[in-house]
Amino acid sequence: QVQLMESGGGSVESGGSLRLSCAASGVADSTFCMGWFRQAPGKEREEVAVIDSDGSPDYAYSMKGRVTISLDSAESTLYLQMRSLKPEDTAMYFCAHESGPCGQIYMGTGYFFRNFGQGTQVTVSS
């Protein structure tokens, strides 16, 4: 069972930047997909970005151009660099992991992950 622990959230002003981290433990597969999702109060969870274990990223429209997802395989840590943050980016941000390549869990409308961390809160003030 892969355990995921997010960190790096906090409060920033509009236009600011944050870098989220997700430490993964118990990863046994050499091929996997990891991603970042977010959920704002009263809204459904939405995908932000995913990345294959080979480093190939895919970005959702919601934050495309303002975020960079990266993976440090040696440290088993996933990152999300966020910039030009807006108040509407305020949400709980979750890390996710699934065995196998990202293409294997793409279901047409998004990527289907079963394993999520507890999340880290990001609050952007105007």
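Everything numeric here is computed off the predicted structure, so don't read it as measured data. As a basis for the values below, the full set of heavy atoms in this structure was taken, side chains included, without hydrogen atoms, waters or symmetry mates.
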message: Please list all pairs meeting salt bridge (charged side-chain N to carboxylate O under 4.0 Å, His left out) that have one or both residues in residues 11-27, counting only residues at least two apart or in different chains.
response: none
query: With sequence neighbours left out, which residue pairs that include part of residues 16-44 fulfil the ring pair (Phe, Tyr, Trp, His ring centres under 6.0 Å) condition?
result: Phe32-His97, Phe37-Phe113, Phe37-Phe116
Atom pair OG/CG of Ser14 and Leu85 - distance to nearest 0.5 Å: 8.0 Å
query: Between Ser53 and Thr31, what is the shortest heavy-atom contact and its length?
result: OG-CA, 3.3 Å
field: Qualifying residues under side chain to side chain donor-acceptor pair (under 3.5 Å), relative to Thr120, sequence neighbours excluded
entry: none
query: What are the two closest non-hydrogen atoms of Pro87 and Ser126, and how far apart are they?
result: CG-CB, 3.9 Å
Please table the atom pairs, donor to acceptor, closer than 3.5 Å between any side-chain atom in residues 73-80 and protein atoms at least two apart or in another chain.
from	atom 1	to	atom 2	distance (Å)
Thr77	OG1	Glu75	O	3.0

- request: Please report the shortest heavy-atom distance between Ala24 and Leu4, naming the atom on each side.
  value: CB-CD2, 3.8 Å
task: Rounded to the nearest 0.5 Å, what's the gap from CD1 on Ile51 to SG on Cys102? Could you check?
output: 8.0 Å
- prompt: If you link I, L, V, M, F, W and Y whenever their side-chain heavy atoms are under 4.5 Å apart, who else ends up in the same group as Phe112?
  reply: Met107
query: Can you hop from Met82 to Leu71 via hydrophobic side chains spaced under 4.5 Å?
result: yes
task: Not counting sequence neighbours, which residues clear side chain to side chain donor-acceptor pair (under 3.5 Å) with Arg38? List them please.
output: Glu46, Asp89, Tyr93
- request: Under the side chain to side chain contact (heavy atoms under 4.5 Å, CB included) rule, what do Gln1 and Asn115 come out as? Steps first, then yes or no, please.
  value: CA-CA 9 Å; Gln1 179 74 17; Asn115 188 25; 3.8 Å; yes
Just list the side-chain donor-acceptor pairs under 3.5 Å for residues 56-65, sequence neighbours left out, or say none.
from	atom 1	to	atom 2	distance (Å)
Ser56	OG	Asp54	OD1	3.1
Asp58	OD2	Tyr111	OH	2.7
Tyr59	OH	Ile69	N	3.0
Ser62	OG	Glu47	O	3.4

query: Rounded to the nearest 0.5 Å, how far apart are CD of Gln81 and OG of Ser21?
result: 9.5 Å
query: Can you name the side chain to side chain donor-acceptor pair (under 3.5 Å) partners of Glu6, sequence neighbours left out?
result: none
task: Report the distance from atom SG of Cys33 to atom CD1 of Ile105, rounding to the nearest 0.5 Å.
output: 4.0 Å
task: Just jot down the side chain to side chain donor-acceptor pair (under 3.5 Å) partners of Asp29, sequence neighbours excluded, or say none.
output: Ser99
message: Under the salt bridge (charged side-chain N to carboxylate O under 4.0 Å, His left out) definition, can you give me all pairs with a residue in residues 100-119, not counting sequence neighbours?
response: Glu98-Arg114
message: Show the nearest heavy-atom pair for residues Thr90 and Val124, with the distance to one decimal.
response: OG1-N, 2.9 Å
field: Linked, directly or transitively: Val2 and Phe94 (ILVMFWY side chains, under 4.5 Å)
entry: no
statement: Residue pairs meeting disulfide bond (SG atoms under 2.5 Å apart), one or both in residues 43-99, sequence neighbours left out, come to Cys22-Cys95
Salt bridge (charged side-chain N to carboxylate O under 4.0 Å, His left out) contacts in which one or both residues fall within residues 115-126, not counting sequence neighbours: none
